[in-house]
Trainee: 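For reference, the structure I am asking about is given below.
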Amino acid sequence: MMNDSNTGYSASVNKRSIGRIWEKKAADYLRNNGYEILYFNYRTRYSEIDIIAQDRDALVFVEVKYRRTLSQGDPLEAVDYRKQRRIINAALCFLKDKGYDIDNTSIRFDVIGILGDDIKHIKNAF
């Protein structure tokens, strides 16, 4: 694993901690828009769900993507079909593990893209 010479931390640890900072900012944004945050970083064997929140009657699974600049592309474009499938499978595991009635629970998949300090929220993204 490569170390960042300025911090002494590995690049993956640094990337993960930066991700957590932006996930917190996304959660603050959601709270300010009436969401109740239920879980952060729910992990399954399929994937990780960044934020699970309640928005009125819907259980919302939120993927957060951050980019400092557009040099690596728009953060919203990073949630491709393969990533969507993994998130959906993880959400199904969450519903089962937590005892939700899958057939009678209103769910939604949102994506929050953060470019610099600009937050874009796509409700019902997939």
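Hydrogens, waters and symmetry mates are skipped; everything else that's a heavy atom, side chains included, is used.
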Trainee: Would you say Leu30 and His121 make side-chain contact, with heavy atoms under 4.5 Å?
Mentor: yes
Trainee: Test of understanding: clusters of I, L, V, M, F, W, Y form through side-chain heavy atoms closer than 4.5 Å, transitively. Do Ile87 and Ile102 belong to the same one?
Mentor: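 Yes; tracing contacts between hydrophobic side chains, which count when under 4.5 Å, links both residues.
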Trainee: What is the distance from atom CG of Asp74 to atom CG of Leu76, rounded to the nearest 0.5 Å?
Mentor: 4.5 Å
Trainee: Can you list every pair that meets side-chain hydrogen bond (donor to acceptor under 3.5 Å, both in side chains) and has a residue in residues 91-101, with sequence neighbours left out?
Mentor: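 Only Tyr42-Asp97, Asp101-Asn104 qualify under side-chain hydrogen bond (donor to acceptor under 3.5 Å, both in side chains).
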Trainee: Taking all non-hydrogen atoms of both residues, which atom of Asp57 and which atom of Gln54 are closest, and how far apart?
Mentor: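 Shortest heavy-atom contact: C-NE2, 3.6 Å.
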Trainee: Testing the basics here: between Gly73 and Arg67, what is the closest heavy-atom pair and its distance to 0.1 Å?
Mentor: O-CG, 3.4 Å
Trainee: With a 4.5 Å limit on heavy-atom distance, are the side chains of Ile88 and Arg85 in contact?
Mentor: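 Touching, per the 4.5 Å side-chain cut-off.
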Trainee: Evaluate the salt bridge (Lys or Arg N to Asp or Glu O under 4.0 Å) criterion for residues Arg31 and Asp28: first the C-alpha distance (whole Å), next the side-chain angles of each, then the deciding distance (0.1 Å), finally the verdict.
Mentor: CA-CA 5 Å; Arg31 277 190 204 97; Asp28 291 343; 3.0 Å; yes
Trainee: When you group the ILVMFWY residues by side-chain heavy-atom contacts below 4.5 Å and let the links chain together, are Val111 and Ile119 in the same group?
Mentor: no
Trainee: Considering all heavy atoms of both residues, which atom of Glu23 and which atom of Asp50 are nearest to each other, and what is their separation?
Mentor: OE2-OD1, 3.1 Å
Trainee: Compare all side-chain heavy atoms of Trp22 with those of Ile112 and state whether any distance is below 4.5 angstrom.
Mentor: no
Trainee: At their closest point, which heavy atom of Ser47 faces which heavy atom of Lys83, and how far apart are they?
Mentor: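 Closest heavy-atom pair between Ser47 and Lys83: OG-NZ, 3.8 Å.
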Trainee: Less than 4.5 Å apart, side chain to side chain, heavy atoms only: is that true for Leu38 and Leu59?
Mentor: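 With C-beta onward as the side chain, the pair touches.
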Trainee: Please walk me through it: do Tyr66 and Ile21 pass side-chain contact (heavy atoms from CB on, under 4.5 Å)?
Mentor: CA-CA 10 Å; Tyr66 168 76; Ile21 291 167; over 6 Å; no
Trainee: For atom NZ of Lys25, is the number of surrounding heavy atoms from other residues, nucleotides or ligands below 6.0 Å larger than 12?
Mentor: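 Counting other residues, nucleotides and ligands, NZ of Lys25 stays at 12 neighbours or fewer.
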Trainee: Which heavy atom in Ala90 sits nearest to a heavy atom in Thr44, and how many Å separate them?
Mentor: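 Taking every non-hydrogen atom into account, CB-OG1, 3.5 Å.
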Trainee: To the nearest 0.5 Å, what is the distance between CZ (Arg43) and CD1 (Ile49)?
Mentor: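 Between atom CZ of Arg43 and atom CD1 of Ile49 there are 11.5 Å.
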Trainee: Between Asp110 and Asn124, is there a donor-acceptor pair closer than 3.5 Å when you use the side chain of the first and the backbone of the second?
Mentor: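 Such a contact is found between Asp110 side chain and Asn124 backbone.
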Trainee: Look at the aromatic rings of Phe94 and Tyr39 and report parallel, tilted or perpendicular, splitting at 30° and 60°.
Mentor: perpendicular
Trainee: Should Val62 and Phe109 be regarded as members of a common hydrophobic cluster, given that ILVMFWY residues are connected when their side-chain heavy atoms come within less than 4.5 Å of each other, either directly or indirectly?
Mentor: no
Trainee: The test is side-chain contact (heavy atoms from CB on, under 4.5 Å); show your working for Gln84 and Val79 and say whether it passes.
Mentor: CA-CA 6 Å; Gln84 292 172 18; Val79 186; 3.9 Å; yes
Trainee: Are any of the side-chain heavy atoms of Lys123 and Val60 separated by less than 4.5 Å?
Mentor: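 They are not in contact (no side-chain heavy atoms under 4.5 Å apart), so the answer is no.
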Trainee: Evaluate whether atom CG of Asp117 has more than 12 neighbouring non-hydrogen atoms of other residues, nucleotides or ligands under 6.0 angstrom away.
Mentor: no
Trainee: Nearest 0.5 angstrom please: Ser106 OG to Arg56 CZ, how far?
Mentor: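 It is 11.5 Å, given to the nearest 0.5 Å.
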Trainee: Closest approach of Phe40 and Ile37, non-hydrogen atoms and distance?
Mentor: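 That closest heavy-atom pairing would be CE1-CG2, 3.7 Å.
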